[in-house]
Amino acid sequence: MSKQLVSIIDVPKHVGEEITIGAWVANKSGKGKLAFLQLRDGTAFFQAVVFKPNFIEKYGEEEGTEKFNVVKHLSQETSVYVTGVVKEDERSKFGYELDVTAVEVIGKSEDYPITPKEHGTDFLMDNRHLWLRSRKQMAIQQIRNAIIYATYDFFDKNGFIKFDSPILSGNAAEDSTELFETDYFGTPAFLSQSGQLYLEAGAMALGRVFDFGPVFRAEKSKTRRHLTEFWMMDAEYSFLSHDESLDLQEAYVKALIQGVIDRVPQALEILERDVDLLKKYIAEPFKRVSYDEAIELLQAHENDEDTDYEHLEHGDDFGSPHETWISNYFGVPTFVVNYPASFKAFYMKPVPGNPERVLCADLLAPEGYGEIIGGSMREDDYDALVAKMDELGMDRTEYEFYLDLRKYGSVPHGGFGIGIERMVTFVAGTKHIREAIPFPRMLHRIKP
């Protein structure tokens, strides 16, 4: 006979009712006639209280004692059906608890390797398939889901069409040599590092498009901000100016933060994230500063007592310490616009009257989270794009379809990309990006 189950997150709707929950035993405590079960079902954590006299009253002395002993010996991560009456409890963080009337064991769990004690990061990563069950890891994945949901909702409301770019590609989006190459029936192919070039074709066909999927970067980086495989959302749109593009990006990021606050407030509470600070990021305008202004600002403060970054000249690229200082200086997410063309992608459109700078922007998150968005206006003039490719020694034949977009009805257009894991890390307030994806792929990790 099938059971009508209630999710833990929906328990507040059933105060005073007897319900059944399908869950795992995250932890257990108690003494004498009382047993306390910390239950989880993927939606939330919840305490169930088992009182031995209640079992004896319901089942009789012998059977009630036997059933209570089963509860007392439940091991960590045993799966159970727990039936009981929902009661309000102000002492509980959740605000409710379950007065248990019955417990049925579904699947036993013996010698569960991740215990409430401290474990090293390598051990936890080796057991990532189990670590995901912990309170904080569950909260991070709930935030990830809320960000994905808010992404689809935002673009649907703003007239964008989901446009799936290929994962296998015959060329590089940013002329990078750090690609994963594979054999495609005798022809070299690469795992996608961005869907952007294909999205530009989509924008010329559909006006406003976005994609969302896995991308791959073969950088041999071991920083807390880098993954080898991650999920990227790219958006591309026609007939927008640079400033309008920045307005769209700002609205999108604010919608993501608001979506998390609205959908999974309990996850932010578990992670002890400062929600008032997140609300500040929504309420206040993002700062916009040019690359050259940022360089001058860094130079002016490089001898301050609280600074810890290397000296930069105009034309140098920022490192993580510079990005951290800039965004913390303004206290809100900060767009740095118009970087030097010398270290930006070939397709970026120059600033009018200043060919050494391009119409681009990186959005830097405060609190040390660094770049979360990169975007630009795209060069829409065929001759100018060809000249740039020739200057860089690029093989035009590898980009014929991309050049065609400038030959047949070219229009001003731009776009941006956001690494979902970086956004998750920022909103969740976690320290390392590896926790923002279910199974991280890094320089020395491809298992589990």
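From a predicted model like this one, the values you see are computed outputs, not experimental measurements. Residue indices begin at 1 and follow the sequence shown.
- A distance of 6.0 Å or more separates the ring centres of Phe230 and Phe216.
- The environment of Glu57 atom CD is sparse: at most 12 non-hydrogen atoms of other residues, nucleotides or ligands sit within 6.0 angstrom.
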Could you walk me through whether Tyr184 and Phe190 pass ring pair (Phe, Tyr, Trp, His ring centres under 6.0 Å), step by step? CA-CA 9 Å; Tyr184 191 74; Phe190 306 95; over 10 Å; no
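- A salt bridge links Arg144 and Glu421; the closest N-O separation between the charged side-chain nitrogens and carboxylate oxygens is under 4.0 Å.
- For the 3.5 Å distance criterion, the side chains of Thr83 and Thr20 qualify, holding a donor opposite an acceptor.
- Checked against the 6.0 Å centroid criterion, the rings of Phe155 and Tyr252 qualify as a close aromatic pair.
- Residues Met232 and Ser194 have side chains not in contact (no heavy-atom distance under 4.5 Å, counting atoms from C-beta outward).
- When atom types are taken as modelled, the side chain of Lys28 and the backbone of Leu74 share a donor-acceptor pair closer than 3.5 angstrom.
- Looking at Tyr152, Phe154, Phe163, Tyr237 one by one, the single match for ring-ring contact (aromatic ring centres under 6.0 Å, His included) with Phe210 turns out to be Tyr152.
- Looking at heavy atoms from C-beta onward, Phe416 lies out of side-chain contact with Leu363 at the 4.5 angstrom threshold.
- No side-chain heavy atom of Lys67 sits under 4.5 Å from any side-chain heavy atom of Lys58.
- Separating the CZ atom in Arg441 from the OG1 atom in Thr228 is a distance of 9.5 Å, to the nearest 0.5 Å.
- Between Ile19 and Ile21, the closest side-chain pair of non-hydrogen atoms falls below 4.5 Å.
- Sparse packing is recorded around OH of Tyr149, with 12 or fewer heavy atoms of other residues, nucleotides or ligands lying under 6.0 Å away.
- Distance alone, capped at 3.5 Å, is enough to place a donor-acceptor pair between the Asn69 side chain and the Thr65 backbone.
- Here the straight-line distance linking atom NZ of Lys220 with atom NE2 of His444 works out to 9.0 Å at 0.5 Å rounding.
- Counting only heavy atoms from C-beta outward, the side chains of Ile437 and Trp231 approach each other to under 4.5 Å.
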After noting the C-alpha distance and the side-chain angles of Val103 and Val70, does the key distance pass the side-chain contact (heavy atoms from CB on, under 4.5 Å) rule? CA-CA 9 Å; Val103 176; Val70 169; 5.8 Å; no
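- Inspection of the Tyr347 and Gln196 side chains reveals an N or O donor paired with an N or O acceptor under 3.5 Å.
- Between the Tyr96 side chain and the Gln47 main chain, no donor and acceptor come within less than 3.5 Å of each other.
- In this model, a donor atom of one side chain and an acceptor atom of the other lie less than 3.5 Å apart for Gln249 and Ser245.
- Using a 4.0 Å cut-off between charged nitrogen and carboxylate oxygen, Glu367 and Arg273 count as a salt-bridge pair.
- Ionic pairing of Lys87 and Asp89 is not present here: no N-O contact between side-chain nitrogen and carboxylate oxygen is shorter than 4.0 angstrom.
- Leu297 is listed as a side-chain neighbour of Tyr329, based on a closest heavy-atom distance under 4.5 Å.
- Atom CE of Met423 sits about 12.5 Å away from atom CD1 of Ile148, to the nearest 0.5 Å.
- Residues Tyr309 and Glu302 bring no donor and acceptor atom of their side chains to less than 3.5 Å of each other.
- Other residues, nucleotides and ligands contribute more than 12 heavy atoms inside 6.0 Å of the CD atom of Glu17.
- Few gaps surround CD on Glu181; more than 12 heavy atoms of other groups in view lie less than 6.0 Å from it.
- Using a distance-only test at 3.5 Å, with no hydrogens or angles considered, no donor-acceptor pair links the side chain of Glu104 to the main chain of Val82.
- The side-chain heavy atoms of Asn54 and Asp99, taken from C-beta on, include a pair separated by under 4.5 Å.
- Aromatic ring centres of Tyr59 and Phe68: separated by at least 6.0 Å.
- Within 6.0 Å of the NE2 atom in His73, the count of heavy atoms belonging to other residues, nucleotides or ligands does not exceed 12.
- Put simply, the side chain of Gln76 never gets that close to the backbone of Asn27: no donor and acceptor are under 3.5 Å apart.
- Classification of the Tyr291-Phe318 ring pair by plane angle, with boundaries at 30° and 60°, yields tilted.
- By the 6.0 Å contact criterion, CG on Leu277 is enclosed, its count of non-hydrogen atoms from other residues, nucleotides or ligands being greater than 12.
- Put simply, the residue from Val332, Val336, Ile373, Thr324 that forms a side chain to side chain contact (heavy atoms under 4.5 Å, CB included) with Leu364 is Val336.
- In Asp306, the CG atom is crowded: over 12 heavy atoms of neighbouring residues, nucleotides or ligands sit closer than 6.0 Å.
- A 4.5 Å side-chain heavy-atom check between His413 and Leu240 finds every atom pair outside the cut-off.
- Side-chain contact annotation: Asp262 with Gln258, donor-acceptor N/O pair under 3.5 Å present.
- Ring planes of Tyr339 and Phe343: perpendicular class, angle over 60° (limits at 30 and 60°).
- Remark: the Arg128 side chain and the Gln137 side chain contain an N/O donor-acceptor pair separated by less than 3.5 Å.
- Of the possible donor and acceptor atoms, none in the side chain of His301 sits under 3.5 Å from a partner among the backbone N and O of Leu298.
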Just do the side-chain contact (heavy atoms from CB on, under 4.5 Å) check on Thr307 and Trp325 with the steps written out, would you? CA-CA 8 Å; Thr307 58; Trp325 188 90; 3.4 Å; yes
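- Of the possible polar contacts, none joining the Arg40 side chain to the Val25 backbone as a donor-acceptor pair under 3.5 Å is found.
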Would you sort out whether Tyr198 and Ser192 count as a side-chain hydrogen bond (donor to acceptor under 3.5 Å, both in side chains), showing the intermediate values? CA-CA 11 Å; Tyr198 296 97; Ser192 174; over 6 Å; no
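- A donor-acceptor contact shorter than 3.5 Å links the side chain of Lys254 to the backbone of Ile282.
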